[in-house]
Structure formats: C-alpha cells, structure tokens
Amino acid sequence: MSPADILDDLQARGLVHDATDRAALRARLAEGPITVYAGFDPTAESLHVGNLVPLLLLRRFQSFGHRPVALAGGATGMIGDPGGRSSERNLLDPATLDRNLAAIKGQLERLLDFGEGPAQARLVDNRDWTEPMGVLEFLRDVGKHVTVNTMLAKESVKARVESEAGISFTEFSYMLLQANDYRHLHQRLGVELQVGGSDQWGNITAGIDLIRRVAGAHTHGLTVPLVTRADGQKFGKSVDGAVWLSPEMTSPYAFYQYFVNVDDRDVERFLLQLTLLPLDEIAEVIVRHAAAPERREAQQVLARAVTGLVHGEAEADRAAGASRGFTRRASDLTVEEWEGLAASLPVIDVGPASVGQDLVEVLAEHGVVSSKGEGRRLVAQGGLYLNDVAVTEGRSLAADDLLQGTWAMVRRGKKQRYVLRRRPS
RNA sequence: GGGUCGGUGCCCGAGUGGCCAAAGGGAACGGGCUGUAAACCCGUCGGUUCUGCCUACGGUGGUUCGAAUCCACCCCGGCCCA
C-alpha cells in the first residue's frame, strides 16, 4: 500500500469530516511519508473514549508509513479551548495540570509505536516552546500575523462572543497558541499535516494561515467527525460518567461492557471508526450480524477490538471472559472463575462481621447503593439479586450465601454486577 | 462605582408567610417486553431508628406562633449606565 492510500481508508471509514485542498494533500502524500501531528489537552486525569478517534487517527497514519507526533498540551491546557463550550473554563492549578499531563503522556505512548524506525512516533509538550516565549515576542511573531477579524469569524469564538457570558481574552488567545504550535512543529520537526476532531477545524486553519504568512509554506489540515450515538446520548458517557482510557478510572471490564451494549444502529460505524480492523473483515461481521442480531457478534467484536487497543490483549481477554460470565449462574462458578471475575468486576470486600448483617446495610456501607433508603427501594422494586435470586425485604447476608465459603454475586438491576468477597480472618 | 434583575433538589424551572421535602420537565435508577439492542409501558427518585424526626431553597443575623417566601447586611452572577 502506498502512503497516499491512507486517504481512501479514512474516506471508506467515514473519518474525513473536513480537509484542506484534498487534491494537494493527496499529491503530497503520494510523494512519500509525511509528518503529522494531533494535540491533546490535559483537562482531565485521563483521556476518554471521545479522544479515541483522533488518537487512532495518528496510529492509522503511522500504519501507512507516516510519522506521527502526539502533542500533550501543557501550555494550551492552561488556557482552555473556547470551542464547543458555552461558558468560560476554570483554570487548572499547576499541580493538577502536571498530574494530568503525566497520565496522558502514558496513554499516548500506549497507542503509538515509539520504536526505532522511519515512522517512529514522537511525543512533545507545547510548554517547552511556549513557556520561554515572552509577551512581546508572542505579540510580534504570532499576533501580528493574525487579524482579530478572522479570529472573530471562527465558529468556536463566534458562538461565545454572541453568548451572554462572553469570552475572556485568555480563551480568545487559545487559537493563537495552537497556531503557534503548528508553526513551531512545522519548522522544527517538518510537520506538514495537523489532524484533530471536527471542533479543531478553526484552530487548525489558523495554524495553516500563520505558517503561510511567516514561512510561505503550504501545510495541510484534516479533521474527523465527532462520534455520535443513534439514541442522541453523548458518545462515551456511561452509567458512572465518562468512559475513560485509564484502567483506574474505568475498569477494562466496564470499558468492554460499554461497547458490548452499543446500539445496533451504531455498531458498524464504531467498528469502522474505533478499530483498526480491515474493511473487508468488518463487512463480513456486519453481514453475519444482520442475519442474527440477537447474537450480538458485532458488538463483541467491537468491544474486544477497542479494549485490546486501549488495555492490551490480556486485559481484553479477561474482560471478554467476565462479560460472558454474564449468562453463567453464580453457583456454577469455580474458585478460579471467581478470582477471574474479581479481577474484572468491582469487588465488595466484607469482613466476618458482615455475615448476618442486613444485606442492604452492607451494600450501603460499600457504596453499591448511595443510602439505605435507596437500597430498600431497590429491594422493594425487585431490583437486587444475590447469587441470581431476587433479594427480599429484610434479607441478611448468611454464611450459606458465600459460595466456596468466600464468594457471592451481587447484581443490581440487569447489568450492574459486583463480586462480594469475604476477607479471611 | 451607580441602577436593575436574579441565585430553589443532579440539571432546567414553578413556588412570594402556614395546605412545601417544595409543581412540572429532563437526567438517573428499578420493573415489564426483549437480544447484555431499540422503541414502548409502569414505578421510584433528600436522609433516617419512617404515620415521626432530621437536613435542605447563595451566606449570616433578624421579624413571626410559623419563613424558600418578609427585613438587614454580605457573597456570587446577568443586563444597562459610567
């Protein structure tokens, strides 16, 4: 495959939302490997699945022989991107920012190949060149080349200028910092293409304009569409909030489950956009899925592939195993299987004193329900199960409930499962 | 700095002295139907030792038998003027 084929692949997956002069971009890609960058701001302690598409985009370019540069936005993260928001962002304190930055760097490293080679990935932090820059230097070298008129015309700014809350000068400047990043990377690393989510379009073109003005060079930009869900919910939002890439914040099992539960209407698009599976393979899966949707094969293939990318093959296998355990009866599980489940599902560790205690109380203490009242309501509605049997009012945890002397399966509603484990001694 | 409007439960929002744990909507949660899908239907949705008690309507203090509702001061936000 030639380096320019990446465009056809992206097109086929529905991953091209917007691109600068496509003919020029194709011609440039045909000449050989290009250096491509995408930026990620450390606004949280982890990236989430919403970042996955732009992140995988770098990986896709790399697999076609191009050189990816992942930018962790230590500097831009301090300012806040005004795009896609209705109100001013709270500034993060430096300690939080450092912690977020370190976590995000680790996640970026997982998804790209940093091994020696012609397409070796690089990780940069825009603080390195933004911090040393003085105000006057910034205003002369960057600000002078951009008119406020064009900045005001950008969608991300326009919406905020017209809003009641307005926009601070700080966030207004965000675009210039990102434009300067592109200029810097173009000059230092020979970056010729910036990619990102569709909300980044204005920032990307600002960079392209800046580079043309100061260096007279033509660079390129490409954005991917926002991932949407058929039911109108925001992609990447689950029962417990966002679906994070960090295993501490979203367990690999919960991560896997998010994708197993994907709507039929979304599954093909997700396979195309969130996995690296070949197009023909996806087509085959979809044909089989259409014939027997109740088997949920497409969802399982999707969950397995995405979890594998983010958490590694071993964790993905484990999560898949726990997910299949969904249909198993608690009483049939072996000690080894219980231990496997405990590694994937949330665990309720109870002491000997809990045996004989009211079950609702035990669960309230461990945060499975947020209050005893909520627990009682749940029981009254028949929504709490212990070892696959609906719990009745006043039920306490008996020694007999602990299978193999240690384990019990607690289920809340249809899907939320917990492994209850008795601590020895 | 002046004026003015506002700050109610996870979010939006009604409520202007007792009938208010506070309408309505959304989100969320449980049940039913299903395929660990969608749609739809029903129920729940501050805490609790539960016909009671506690906590709660930006904060503090006050008026009153009684305040989310009235008064004073303070904090925060929008808009207009400077």
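All chains are named by letter (A, B, ...) in the order of the sequence lines, taking the proteins before the strands, and each is independently numbered beginning at 1.
Distance check: A:Leu193 CG to A:Arg67 CZ gives 12.0 Å after rounding to the nearest 0.5 Å. Atom-to-atom distance recorded for A:Ile34:CD1 and A:Leu25:CG is 6.0 Å, nearest 0.5 angstrom. Put simply, CD1 on A:Ile348 and CZ on A:Arg421 are 11.0 Å apart, with the number rounded to the nearest 0.5 Å. A:Leu384 CG to A:Leu359 CG: the interatomic distance, rounded to the nearest 0.5 Å, is 6.0 Å. Considering CZ of A:Arg304 and OG1 of A:Thr275, their distance stands at 12.0 Å, rounded to 0.5 Å.
Spacing of C1' atoms, B:C41 relative to B:G78, comes out at 42 Å, to the nearest Å. Distance noted for atom P between B:C75 and B:A28: 39 Å (whole Å). Using atom P as the reference point in both B:C54 and B:G7, the two lie 28 Å apart (nearest Å). Only the C1' atoms considered, B:U8 is 15 Å distant from B:C76, to the nearest whole Å. Look at the P atom in both B:A37 and B:A56: the space between them is 41 Å, to the nearest Å. Nucleotides B:U34 and B:A27 have their C1' atoms positioned 24 Å apart, rounded to a whole Å. Distance noted for atom P between B:U16 and B:G26: 24 Å (whole Å). Comparing B:C53 with B:A21, their P atoms sit 11 Å apart, to the nearest whole Å.
Side-chain atoms of A:Arg411 come within 3.5 Å of backbone N or O of A:Gly413 as a donor-acceptor pair.
Within 6.0 Å of the CZ atom in A:Arg22, the count of heavy atoms belonging to other residues, nucleotides or ligands exceeds 12.
Considering A:Asn261, A:Asp264, A:Asp266 as possible partners of A:Gln299, the one that fulfils the side chain to side chain donor-acceptor pair (under 3.5 Å) test is A:Asp264.
Checking B:G35, B:C29, B:U48 against every side-chain atom of A:Lys372, the shortest atom distance belongs to B:U48.
In this structure, a donor-acceptor pair under 3.5 Å is absent between the side chains of A:Tyr182 and A:Asp209. A donor-acceptor contact closer than 3.5 angstrom is absent between the side chains of A:Glu315 and A:Thr307.
Looking at residues 305-318 of chain A, you'll see that no heavy atom sits under 4.0 Å from any atom of RNA chain B. The stretch residues 373-389 of chain A comes close to RNA chain B through A:Gly373, A:Arg376, A:Arg377, A:Leu378, A:Gln381, A:Gly382, A:Gly383, A:Tyr385, each having a heavy atom under 4.0 Å from the strand.
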Distances for protein N/O vs nucleotides 38-40 of chain B N/O pairs under 3.5 angstrom?
residue, atom, partner, partner atom, Å
B:A38, O2', A:Arg265, NH2, 3.4

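Between A:Gln416 and B:G30 there is a side-chain N or O to OP1 or OP2 distance below 4.0 Å. Taking side-chain N and O atoms only, A:Lys414 has no distance below 4.0 Å to OP1 or OP2 of B:U34.
Summary of the strand contacts: A:Gln300 and A:Ser371 both lie near RNA chain B, and taking for each the nucleotide with the nearest heavy atom, the more 5' one is attributed to A:Gln300.
Across all strands shown, A:Arg295 has no heavy atoms under 4.0 Å from either base or sugar-phosphate atoms.
Using cut-offs of 30° and 60° on the angle between ring planes, the pair A:Trp338 and A:Trp407 is parallel.
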Checklist line | CA sep, side-chain torsions, deciding dist, call: A:Phe255, A:Val310, side-chain contact (heavy atoms from CB on, under 4.5 Å) | finding: CA-CA 9 Å; A:Phe255 189 91; A:Val310 174; 3.8 Å; yes
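For B:C73, the paired base is B:G59 (Watson-Crick or G-U wobble, both distances below 3.5 Å).
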